[in-house]
There are 2 protein chains.
Amino acid sequence: MTRLLLVEDDEALVSTLRLTLPAHGFDVHATGRGGDALVLARTFQPDVAIVDLGLPDVDGLDVVRALRAESDLPVLVLSARDAQHDKVGALDVGADDYVTKPFGMDELLARLRAALRRASPADRVIVFRTDHLVIDRTARRVERDGEQVHLTPTEWGVLEALLRFPGRVVTQRDLLHDVWGSQYVDEVAYLRVYVAQLRRKLEVLPAAPRHLLTEPGVGYRFEP
Amino acid sequence: MTRLLLVEDDEALVSTLRLTLPAHGFDVHATGRGGDALVLARTFQPDVAIVDLGLPDVDGLDVVRALRAESDLPVLVLSARDAQHDKVGALDVGADDYVTKPFGMDELLARLRAALRRASPADRVIVFRTDHLVIDRTARRVERDGEQVHLTPTEWGVLEALLRFPGRVVTQRDLLHDVWGSQYVDEVAYLRVYVAQLRRKLEVLPAAPRHLLTEPGVGYRFEP
DNA sequence: AGGTTTCCTGATGAAATCTTGACGCCCCGA
DNA sequence: TCGGGGCGTCAAGATTTCATCAGGAAACCT
């Protein structure tokens with residue numbers, strides 16, 4: 001059970017989340033007052049937090065800052081405003097993601113999963129090495145047989161999303177969501193083009209790939 | 001056979017459930033009085049409970065609380081009222097799900113399955129190991145004698161549905177419902193084809209299976 | 001503005017997967 | 001002994017999913 005701390009004053013939203021999130025494996029603790037958030041975080045020891053920016057008592061950003069100051073707890077920020085500077089501010093302060101109200105439950109769940117995933121240790125591996133490849137995630141560099149390979153932003157995005165779970169299947173849906181965003185989760189054709197592109201650049205024999213593998217009907221897998 | 005404790009005073013509903021649930025692999029014990037629920041839970045040792053909130057003698061919520069206090073038995077709450085605060089109260093007290101009367105049998109079964117799935121430790125077991133097999137559920141990988149085996153989406157779906165209750169029989173109906181959907185629950189032929197396929201890929205001697213076992217007239221069973 | 005890179009999109013043939021029907025086996029009751 | 005139901009196996013279509021290419025639009029850089 002993933003422990004989730006919810007800092008939100010909108011009663012209706014709180015009960016909606018209390019009803020739906022447990023069904024997806026979350027153990028929800030909620031408070032409407034930002035001042036309580038820090039204390040709750042210490043006692044409840046959540047795995048992830050959702051913080052509304054529009055709290056009555058304190059600035060939501062302060063809550064996020066306080067939470068991040070004590071731990072590397074992944075934090076999702078909720079806001080009614082879609083203003084760009086809000087988003088930037090939240091992310092600057094250390095939030096992991098930003099969701100604008102109103103939002104669909106599917107989107108929230110996907111982002112929660114993504115936030116948790118990023119916090120997982122697998123994400124900390126910086127450099128990948130295989131027989132022919134060297135992939136440096138922080139430097140955004142890829143070498144094949146010692147020669148640097150140039151990847152476009154989207155190509156890199158797909159590769160990085162796959163690298164998040166080396167050896168595991170990543171569903172088409174998750175890949176599309178991570179790279180293109182929630183409204184593109186059905187555009188499977190995009191993926192095909194970019195996986196083909198990546199294979200051409202990274203694989204020795206693109207027609208018989210050894211690292212970028214297809215899992216028909218499900219997604220793709222990066223095999224180290 | 002999954003043991004189900006039913007705490008319900010509506011005679012008509014009790015007999016309906018007594019008639020239909022056994023066909024889906026449930027062994028039903030029922031009582032109309034909340035006061036008896038706890039005693040029954042101790043002697044009968046159910047795997048899951050359904051509790052009606054509108055009992056004549058005691059508050060249904062107290063029953064749920066009492067049950068949860070002794071064990072982590074998954075509890076489904078039934079209620080005629082759809083009021084939001086009832087729902088929240090029930091879930092706060094530790095119920096796993098909330099079903100409003102009237103409800104369809106399909107819905108109830110789906111929620112029962114979901115509740116069991118969540119509660120069952122099997123869901124937390126990520127990697128299954130047997131003499132020859134390694135099955136990693138999150139990575140969606142299967143190895144037989146060290147060699148990776150490729151499964152199609154449907155094959156994987158059937159295997160996963162069986163793995164949800166290792167060592168127990170899963171009815172053909174449930175398997176078909178989980179993998180193909182509710183309108184395919186009678187297509188037993190599908191199952192035969194895919195179980196055969198799985199045996200060919202997973203069993204050392206497909207003709208004498210040791211893990212994917214048939215329970216004639218009922219369903220199939222995965223024996224670890 | 002001009003040139004370049006990147007992205008989207010539709011078309012095509014190939015591959016993988018699913019469905020479906022046929023057939024034989026085994027067990028059990030008539 | 002015969003017949004029927006449930007089961008396992010097989011393989012031929014039917015269907016879905018993939019890989020690849022390339023032109024044109026859009027975005028980017030200078």
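Within every chain, numbering begins at 1; the chains are lettered A, B, ... in the order of the sequence lines, protein sequences first and strands thereafter.
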Counting side-chain heavy atoms from C-beta on, which of C/dT6, D/dC7, C/dT17 comes nearest to B/His150? C/dT17
Name the closest nucleotide to the A/Pro216 side chain, picking from C/dT6, C/dC8, C/dT17. C/dT17
Keeping the roles fixed (side chain from A/Glu8, backbone from A/Asp10), state whether a donor-acceptor pair exists under 3.5 Å. yes
Which nucleotide wins on minimum distance to the side chain of A/Ala207, given the candidates C/dC18, D/dT20, C/dC8? D/dT20
Using the side-chain heavy atoms of A/Tyr194, tell me which of these nucleotides is nearest: D/dA19, C/dT9, C/dC8. C/dC8
Sequence neighbours excluded, which residues qualify as ring-ring contact (aromatic ring centres under 6.0 Å, His included) partners of A/Tyr194? A/Trp180
Do you know the tightest heavy-atom contact between B/Pro153 and A/Val218? CG-CG2, 4.0 Å
Ionic contact status for B/Arg210 with B/Glu203, cut-off 4.0 Å: no
When all nucleic acid strands are considered with a 4.0 Å heavy-atom cut-off, which category describes B/Gln172: base, sugar-phosphate, or nothing? sugar-phosphate
Salt bridge or not for A/Asp59 and A/Arg65, using N-O below 4.0 Å? no
Please list, for nucleotides 25-30 of chain C, all pairs of protein and nucleotide N/O atoms separated by less than 3.5 Å.
none

Could you check if a side-chain atom of B/Leu112 sits within less than 4.5 angstrom of a side-chain atom of B/Ile50, using non-hydrogen atoms only? yes
From the candidates C/dT6, C/dC18, D/dT20, the one with an atom nearest any side-chain atom of B/Thr154 is C/dC18
Between D/dG8, C/dC18, D/dC10, which nucleotide gets closest to the side-chain atoms of B/Arg192? D/dG8
